[in-house]
Amino acid sequence: MLLQVPTGTGKAFIVSSAIHYERSRKSAQQWYSGILFVAHRPEVKMQVSMMLSQYGLSHTVISNRNTGPYGYDSLTVVDVTTVLRFVSKVVHYYEPSMIIIDEVHAVDSSLIDVLRRNYPDARLLGLSATPCSESENPLGRVFGRMLPSWSMKRLIDEGWLRDVDVESISGGTKNVELLWQAYKAYANGKKGIVFANDSHQARRIVDCYKRHGIKSEVISFGDKEEEREWKLNEFDVGMTQVLVCVDFFSDGMRCPDVDFVQLANNTDSLNTYLHQVGCAMHPCNDEEYGGDGSTLELRRLAVLDHAGLSEKFGLPTDERDWTQLFTGESKKKANRKGVTRKKTVKVVEPQPAEYTKWQLRM
């Protein structure tokens, strides 16, 4: 089964609930060896580990140096670059009853096939905010069914997500002075992130912002881990106002509290667009939320769109027919006509149990 959960709406809670449920369900069965959690990138393994620890789930993180037959635990975390080597070494010792794959839209379907062949009795749970594959193989061919979340409108109304104000700015993404002028007009002095096409463009943006007195840094997955942590800490405490990202925060990375997102990357990917904006839509740490009747009015997120992505894909808060995208039907309509342009359209929602009490029946 694939679980569709928008970025910032409590995926960690849902995953922890699924793990607790699976442990209690299988604890009396002798064949149970645990749960395998597959992260879609090596860089997010420690983020996953922190999330699991936050919910009191003991686990082992497998690195390239730790893939022996005794390196696993009842809950084992691997990534896509180590999972096949790990499985080849422990397949005769380790038989998980559940395999959880995070950001499954970004994982090659052939890897999922290998896991299924090695562990045919394991239940497979895929997680994604955007359950549509941009390859030729729709995710509906990999997973039997999809469980969608609440509508975006309901998630915003009940305080799980912040609403957005999108400013579509003409002139393209190459003119860095234009990016600065837009920042000055719509987000002056605020803390936020800029998404760039590549490292060359990112450095030009940082140089421009620094000339105007804005403390900014480039961050990417190409940085050393210690350097990334230093930059994130500087940003988190406010010593850096603007992070210019190259392929960062766009897929599964937890984003610090921000007040604006600037889109200066010319992507053709609906997944990338929704993740870049969605990562910043979660409520800030100083805002109460949860739909319990005491929700404060959340600050709105400013989205400065220089790449025409809101025109190409629709607003980040538009309702999308995820079932159509999941199955791959009408692929030509998926990016444009698979969205509803008006935010006031009445949406017929699925009827799962309460959002904080998912019942995972696979």
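Source: prediction; values computed, not measured.
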Examine distances only and state if a side-chain atom of [X] and a backbone atom of [Y] form a donor-acceptor pair shorter than 3.5 Å.
X	Y	value
Glu217	Thr240	no
Lys45	Ile62	yes
Arg123	Met98	no
Gln262	Phe195	no
Asp318	Leu315	yes
Glu234	Trp230	no

Does [X] pair with [Y] as a salt bridge, N-O distance under 4.0 Å?
X	Y	answer
Asp157	Lys153	yes
Asp259	Lys191	no
Asp223	Lys231	yes
Arg116	Asp121	no

Pair Asp163, Thr317: side-chain N/O donor-acceptor within cut-off below 3.5 Å: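 Asp163 vs Thr317: no donor-acceptor pair found between side chains.
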
Aromatic centroids of Phe260 and Tyr186 separated by under 6.0 Å: no

Aromatic ring proximity Phe326/Phe143, centre distance under 6.0 Å: no

Kindly list each side-chain donor-acceptor pair under 3.5 angstrom involving residues 50-58, sequence neighbours excluded, with atom names and distances?
unit_1	atom_1	unit_2	atom_2	d
Ser53	OG	Ser49	O	3.0

